[in-house]
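Notes follow the structure.
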Amino acid sequence: MQEKDMVMDILTGVKGSLGTYAKTIAECNDPQLRQTFQQMRDGDEKFQYELYKIANQKGYYQPAPPADQAQCLQLKNHISSSVQ
């Protein structure tokens, strides 16, 4: 297996775990267990970002181009009007 494939597999797995943490934390009733899951999630988020930076530097991962200010404002207004 190539390094690129391994890195991308790990990134995909960590992103999936982050989604699972979000659901688990939202449904967790025990404060200590909830805090434990939050700490685990925080650690995985940091790990994912560090691995992403490496993948990006090596050309393994190409992020989407940044949205321009007009697009951001339009989305913000749409979300704000939907919430109200």
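What you see is a predicted model, and the numbers here were worked out from it, not measured in a lab.
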From CG (Leu51) to CE (Met8), nearest 0.5 Å: 9.0 Å
Rounded to the nearest 0.5 Å, the NZ atom of Lys53 sits from the CD atom of Gln57 at a distance of 8.0 Å
Check this for me: Gln2, atom CD, are more than 12 non-hydrogen atoms of other residues, nucleotides or ligands nearer than 6.0 Å? no
Can you name the closest pair of heavy atoms from Asn56 and Tyr61 and give their distance? OD1-O, 3.0 Å
Salt bridge (Lys or Arg N to Asp or Glu O under 4.0 Å) contacts in which one or both residues fall within residues 2-21, not counting sequence neighbours: Glu3-Lys58
Could you list all the side chain to side chain donor-acceptor pair (under 3.5 Å) pairs where at least one residue sits in residues 30-39, not counting sequence neighbours? none
Decide yes or no for Ile54 and Val7: does some side-chain heavy atom of the first lie under 4.5 Å from some side-chain heavy atom of the second? no
Hey, does Phe47 have a side-chain heavy atom less than 4.5 Å from the side chain of Ile10? yes
How about Gln74 and Asn77: do any of their side-chain heavy atoms sit closer than 4.5 Å? no
To the nearest 0.5 Å, tell me how far Lys23 NZ sits from Leu18 CG. 12.0 Å
Rounded to the nearest 0.5 angstrom, the OG1-CZ distance for Thr20 and Arg41 is 13.0 Å
Quick one: pull up CG in Leu33 and SG in Cys28 and give me the separation to the nearest 0.5 Å. 4.0 Å
Taking the inter-plane angle between the rings of Phe37 and Tyr21 on a 0 to 90° scale, is it parallel (under 30°), tilted (30 to 60°) or perpendicular (over 60°)? tilted
For Asn29, all residues meeting side-chain contact (heavy atoms from CB on, under 4.5 Å), sequence neighbours excluded: none
What distance separates Ile79 CD1 from Lys76 NZ, expressed to the nearest 0.5 Å? 10.5 Å
Taking the side chain from Gln71 and the backbone from Asp68, do they hold a donor-acceptor pair closer than 3.5 Å? yes
